[in-house]
2 protein chains.
Amino acid sequence: MNLSVELDRSDPVPLYFQVARQIEAAIVEGRLRPGARLDNELVLAEQLRLSRLTIRRAIQHLVDKGLLVRKRGVGTQVVHGQVKRAATLTSLYDDLVKSGQQPTTQVLKIDLVPAPAEVADALGISEGRQVLALERLRSTQDGPLAIMRNWLPASLAELTTEQLEQRGLFQLLRSNGVHLRVASQQIGASNATTAEARLLGENRGAALLTMVRTTYDDVGRAVEYGRDSYRASRYTFEMTLVDR
Amino acid sequence: MNLSVELDRSDPVPLYFQVARQIEAAIVEGRLRPGARLDNELVLAEQLRLSRLTIRRAIQHLVDKGLLVRKRGVGTQVVHGQVKRAATLTSLYDDLVKSGQQPTTQVLKIDLVPAPAEVADALGISEGRQVLALERLRSTQDGPLAIMRNWLPASLAELTTEQLEQRGLFQLLRSNGVHLRVASQQIGASNATTAEARLLGENRGAALLTMVRTTYDDVGRAVEYGRDSYRASRYTFEMTLVDR
DNA sequence: TATGATATGTTGTCTATACAATTCAGCCCA
DNA sequence: TGGGCTGAATTGTATAGACAACATATCATA
């Protein structure tokens, strides 16, 4: 099995990542079929003039992605299945852009308000403290998609309607030097209220997919509490479950 | 910062995992606070008489879990946030058992049927081929929770009503030597049909959280196509999003 | 006082090596 | 023919060491 992996040692991209990337391309392009066995680690290391640990690192990256599976004593095989990306901290805006869907955003509300109990609790601040409350309608060329409500600590960033209509919220936060790191999210469902139904172009009572989320930065501060409602007729949340 | 990590080198549990486990316990028990800085890798390696790479391995395990964050040139810090487990291939049954909710299962249907187009497509078999079709109602002490519909290749395992009422499906498959590996899942929402509403004890039209899933084994065969509907009033899907 | 350069500290990547644990195929014996 | 044992093959864990890349603090100069 010849993989034709080509390495550029002057490239700043780490070698393990170059290997992983090229193995992944071979899988995606069908050169490596589901069930195909990779050469063993020692052979690959010799062929590519890399240390075995570098090869292991590349392979582990793809195992974590669900593309490869390893068995001690046997070897490494390609897994079947159109695997989705791991759940990561990207905003809906970025995802829609990436899938070519031309998102637009209408800012419905942008106010400094005293934090209600639930928001204060999630953000780890005292109730009544000022927070920036946002409500936005996200649409694509096919019509309205989601209502997004976010509460941010007031001191975090100065956001304008214009900014929010041009770029995703997480993108704006990142541009303001906020290092988003991890979020805890609950996915649920609810029946559309009259107001929601009107905004989203659905019937009152239509099923909506809901997400409630607290996002933290890299030193652990809560930087966003969000409540999103999506038209279930237009949106599902796709994910990969991996047995590790 | 003294972590009091104790290693048992005769334990079959790998050293990196022992270290990771104990750091995690320190975080969970509050001995390591959000924002706290760990000793650097070299110091930890010296203190614990381990190689630096073993320490890195332990730390990376916790970084992947969202508990720690690393910055080149600075160090490693504890992340804030009640982090949920990574999305993994566990069945609802196992999750409910683990959370002490005493699940019960009523098998509504267990038939060999010709595979409809959607099922055949997901399982990678020809339409009309025999598949095992299951429909079950999962309840807890608080009442019905979810309707679960699964389609399995007929040859995969022989399952009885008794087995399905006593244990989770994935558990049964694993007991039959099936190595579940990865699943592709779409989470959505729908309005309860009359039949669903009656089974779940909700009103007709109530919002249900839905999951459509194809599960693959470790050599890439599709081993299950599932369609689950949960009472949104009783269930949310919790997950962690990590920025990597 | 502000800016740029340098030094220090720490993680990131990579090499080389060795032993352990598991899997599978083949062989032998009852 | 079936079960058990052995050896080969391969991944899993761990050690030791080195250099690179980035972040931050400190120092020097204008």
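So that the names make sense, note that chain A is the first sequence line, chain B the second, and so on, each numbered from 1. None of these values were measured; they are calculated from a predicted model.
Between A:T76 and D:dT10 there is no side-chain polar atom (N or O) within less than 4.0 angstrom of OP1 or OP2. Considering only side-chain N and O atoms, A:R9 lies under 4.0 angstrom from the phosphate OP1 or OP2 of C:dT15. The shortest distance between the side-chain N/O atoms of B:T54 and the OP1/OP2 oxygens of D:dT15 is below 4.0 Å.
When heavy atoms are screened at a 4.0 angstrom cut-off, A:R56 is found touching base atoms of the nucleic acid.
In this structure, the separation between CZ on A:R70 and CG on A:L62 is 9.5 Å, given to the nearest 0.5 Å. For the atom pair CG (B:N150) and CG (B:D228), the distance works out to 6.0 Å, reported to the nearest 0.5 Å. The structure places CG of B:L48 at 10.5 Å from CD of B:E6, a figure rounded to the nearest 0.5 Å. Taking CG of A:L38 as the reference point, atom OG1 of A:T76 lies at 6.0 Å (rounded to 0.5 Å).
A side-chain donor-acceptor contact under 3.5 Å links A:Q18 to the backbone of A:D8.
When rounded to the nearest whole Å, the span between CD of B:E46 and C1' of D:dT15 equals 15 Å. A:Q60 has its CD atom 19 Å from the P atom of D:dT10, to the nearest Å. Here D:dA9 presents its C1' atom at 13 Å from CG of A:D39, a figure rounded to the nearest Å. What separates CD of A:E41 from C1' of C:dA16 is a distance of 15 Å, to the nearest Å. Nucleotide C:dA16 holds its P atom 13 Å from the CG atom of A:L42, rounded to whole Å. Residue B:R49 contributes atom CZ, which lies 17 Å from atom P of D:dA14 at whole-angstrom precision. Rounded to whole Å, the distance from CG on B:L50 to P on D:dG17 is 15 Å. Put simply, CZ on A:R57 is 15 Å from P on D:dG12, counting in whole angstrom units.
Contact of the A:Q171 side chain with the A:R167 side chain is registered, since non-hydrogen atoms from C-beta on lie closer than 4.5 Å.
Within 6.0 Å of CD in A:E165 there are more than 12 heavy atoms belonging to other residues, nucleotides or ligands.
For B:R72, taking side-chain heavy atoms from C-beta onward, the closest of the listed nucleotides C:dT15, D:dA23, C:dT11 is C:dT11.
Residues satisfying the side chain to side chain contact (heavy atoms under 4.5 Å, CB included) test with A:T54, not counting sequence neighbours, are A:L15, A:Y16, A:L50, A:S51.
Annotation: side-chain hydrogen bond (donor to acceptor under 3.5 Å, both in side chains) contacts involving residues 118-129 of chain B, sequence neighbours excluded, comprise B:E118-B:Y225, B:E118-B:R227.
Looking only at atom types and distance, the side chain of B:R136 has no donor-acceptor partner in the side chain of B:T105 under 3.5 Å away. Using modelled atom types and a 3.5 Å distance limit, the side chains of B:T215 and B:E224 yield a donor-acceptor pair.
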For residues 156-164 of chain B, run the donor-acceptor check on the side chains, cut-off 3.5 Å, and write out each pair with its distance to 0.1 Å, sequence neighbours left out.
residue: B:T160; atom: OG1; partner: B:Q163; partner atom: N; Å: 3.1
residue: B:Q163; atom: OE1; partner: B:T160; partner atom: N; Å: 3.0

Listing time: all N or O pairs from protein to nucleotides 17-19 of chain C that are below 3.5 Å?
residue: C:dA18; atom: N6; partner: A:R52; partner atom: NH1; Å: 3.4

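End-to-end axis angle of the helix from C:dT1-D:dA30 to C:dA30-D:dT1, using five pairs per end and rounding to 10°, comes to 10°.
The stretch residues 14-21 of chain B touches DNA chain D through B:P14, B:L15, B:Y16, each having a heavy atom under 4.0 angstrom from the strand.
Two residues, B:I59 and A:I55, neighbour DNA chain C, and the one matched to the more 5' nucleotide by heavy-atom proximity is B:I59.
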